[in-house]
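As the structure lists them, so they are numbered: ligands from 1, and atoms in each ligand from 1.
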Amino acid sequence: MKSKKDIYILGIESSCDETAASVVKNGREIVSDVVLSQIDIHRLYGGVVPEIASRNHVEVVDMVVEKALSDANMTLTDIDAVAVTYGAGLVGALLVGVSYAKGLCQASGLPLIAVNHIEGHICANYLTYPDLNPPYVCLLTSGGHTAIVNVLDYDRYDVICSTVDDAVGEAFDKVARVLGLPYPGGPRIDRLAQEGQPIYGFHSVVTSNGNFSYSGLKTAVINLLHNAEQKGEQLSKADVAASFTHAAIDGLISRLSDVVKETGATTVAVAGGVGANSYLREQLTRFNAQGKRVCLPKLSLCGDNAAMIASRGYYMYLKNEFANLSLNACPTLRLRGDKPKR
Ligand code: KG4
Ligand code: ZN
């Protein structure tokens, strides 16, 4: 039964290779959550092919949104606003969701909300922990972004440090490729690493000014494999995966530790696809021993989904932050307050 004060947001997400739609109540409660992944299609090419992603979004977006509404046992008349990802992501893929959402709003008269995908990832925490409120420190680890963010309020972020080159998820995918593992590499490396030992040392991913750099780590793994090949040695892929994982994650945890001390934060959260990594999740629990609250979004909410977009949309709805129908996709959108670091 819908009470008057409840706000239902329909979220739509199509920034990369997942077409997703979801209905979320009051920013916190998932009423329906549909995610249609294109992974099987892109695996054939070893990575996401932007043109193919856009075409597939076009084919299924209508069906995915219909299913999210029918799973929620709702029609558009029960919805208060449509929230859509407008960046960051692949421009053609984003445009499918944006155009579809604009069409829905034009036809129904519902307000349109333009959501930043990265802010959406952070909101995955509100869906897993309904009592979580800012401030807290969030480790943002996706395929396109890596940063430590002081979340001061629902719409105020202090980006404390971020990557100067590749994102951590990108590094997982690239290293998986050189190890001959199928796309997407992150979950494959995660599983393989659990069978190996971190016997190879790599340089820290933390730069001298406290940001992150992943391009050197990727090259170091490639060099290790090439040198072994030239010497006719057979390396254990599991040991390489474990060594890479430790190097990729340990730097994040050590910087997070500094930031938690500096800010005096009492809560630590994680967001983004790499937040599903088992070693990362295990390492984050060490903050519990320091009396901190550790928030780990449900695995299904770490990767791309529309529930997190609807959650972010709810907080924008409360502030009347509506978009107009000239909304365009913004593929290079950054988190508010983030600036490129060198
Ligand atoms: O947040 P996300 O779904 O998409 C972006 O917004 O980028 O992140 C996708 C990234 C991919 O690079 C994928 O390989 C990585 O998250 N990933 C993982 C794991 N699951 C997904 N990386 C490491 N371990 C995992 N278990
Ligand atoms: Zn994402």
*Asks:* Students should be able to answer this: which protein heavy-atom is nearest to atom 15 (C) of ligand 1, and at what distance?
*Replies:* V274 CG2, 4.0 Å
*Asks:* Within the 4.0 Å heavy-atom shell around G144, which atoms of ligand 1 are there?
*Replies:*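 Atoms satisfying the 4.0 Å criterion: 7 (O).
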*Asks:* For C16, is the nearest heavy atom under 4.0 Å from an atom of ligand 1?
*Replies:*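 Contact check C16 vs ligand 1: negative.
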*Asks:* Checking the N or O distance criterion of under 3.5 Å, is ligand 1 in contact with P184?
*Replies:* no
*Asks:* If you link I, L, V, M, F, W and Y whenever their side-chain heavy atoms are under 4.5 Å apart, who else ends up in the same group as L95?
*Replies:* V91
*Asks:* What atoms in ligand 1 come closer than 4.0 Å to a heavy atom of G303?
*Replies:*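 Answer, ordered by atom number: 3 (O).
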*Asks:* Check whether any heavy atom of H117 sits under 4.0 Å from an atom of ligand 1.
*Replies:* yes
*Asks:* Report yes if the side chains of Y86 and L94 come closer than 4.5 Å at any heavy-atom pair, otherwise no.
*Replies:*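 A side-chain contact under 4.5 Å is absent here.
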*Asks:* May I ask you to identify the nearest protein heavy atom to atom 4 (O) of ligand 1, giving residue, atom name and distance to one decimal place in Å?
*Replies:* D304 OD1, 3.3 Å
*Asks:* Please determine whether side-chain hydrogen bond (donor to acceptor under 3.5 Å, both in side chains) holds for the pair N150 and T263, giving the CA-CA distance in whole Å, both sets of side-chain angles, and the decisive distance to 0.1 Å.
*Replies:* CA-CA 8 Å; N150 197 0; T263 57; 5.1 Å; no
*Asks:* Using a cut-off of 2.8 Å, how many protein N, O or S atoms lie below it in distance from the Zn ion (ligand 2)?
*Replies:* 3
*Asks:* Relative to the heavy atoms of G169, which atoms of ligand 1 are at a distance of less than 4.0 Å?
*Replies:* 12 (O)
*Asks:* Which one of D173, V175, I249, T146 has a non-hydrogen atom at the shortest distance from atom 14 (O) of ligand 1?
*Replies:*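 Checking each option, the heavy atom nearest atom 14 (O) of ligand 1 is found in D173.
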*Asks:* May I ask you to check whether Y183 and H42 show a side-chain donor-acceptor distance below 3.5 Å?
*Replies:* no
*Asks:* Is it the case that the side chains of E13 and S15 hold a donor-acceptor pair, with the cut-off being a distance below 3.5 Å and no angle test?
*Replies:* yes
*Asks:* Backbone, side chain, both or neither: what part of H145 comes under 4.0 angstrom of ligand 1, heavy atoms only?
*Replies:*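 None of H145 does.
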*Asks:* Please write down residue, atom name and distance for the protein heavy atom closest to atom 9 (C) of ligand 1.
*Replies:*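 Checked against all protein heavy atoms, atom 9 (C) of ligand 1 sits closest to G143 N, 3.8 Å.
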*Asks:* Which of the atoms of ligand 1 are close to G186, meaning less than 4.0 Å from one of its heavy atoms?
*Replies:*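 Near G186, meaning under 4.0 Å from one of its heavy atoms, ligand 1 has 14 (O), 18 (C), 19 (C), 22 (N), 23 (C), 24 (N), 25 (C).
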*Asks:* In terms of atom number and element, which parts of ligand 1 are under 4.0 angstrom from non-hydrogen atoms of G272?
*Replies:*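 Answer for ligand 1: 1 (O).
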*Asks:* Short N/O distance, under 3.5 Å, between F172 and ligand 1?
*Replies:*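 No, no N or O pair falls under 3.5 Å.
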*Asks:* Which protein non-hydrogen atom lies closest to atom 17 (N) of ligand 1, naming both residue and atom, and how far is it?
*Replies:* G273 O, 3.6 Å
*Asks:* Charged N to carboxylate O under 4.0 angstrom, D131 versus R293?
*Replies:* yes
*Asks:* To the nearest 0.1 Å, how far is atom 24 (N) of ligand 1 from its closest protein heavy atom, and which atom is that?
*Replies:* N277 ND2, 3.0 Å
*Asks:* So is D190 polar-close to ligand 1, meaning N/O to N/O under 3.5 Å?
*Replies:*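 Among all N and O atoms of D190, at least one is under 3.5 Å from an N or O of ligand 1.
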*Asks:* Could you tell me how the ring of Y315 sits relative to the ring of Y154: parallel (under 30°), tilted (30 to 60°) or perpendicular (over 60°)?
*Replies:* parallel
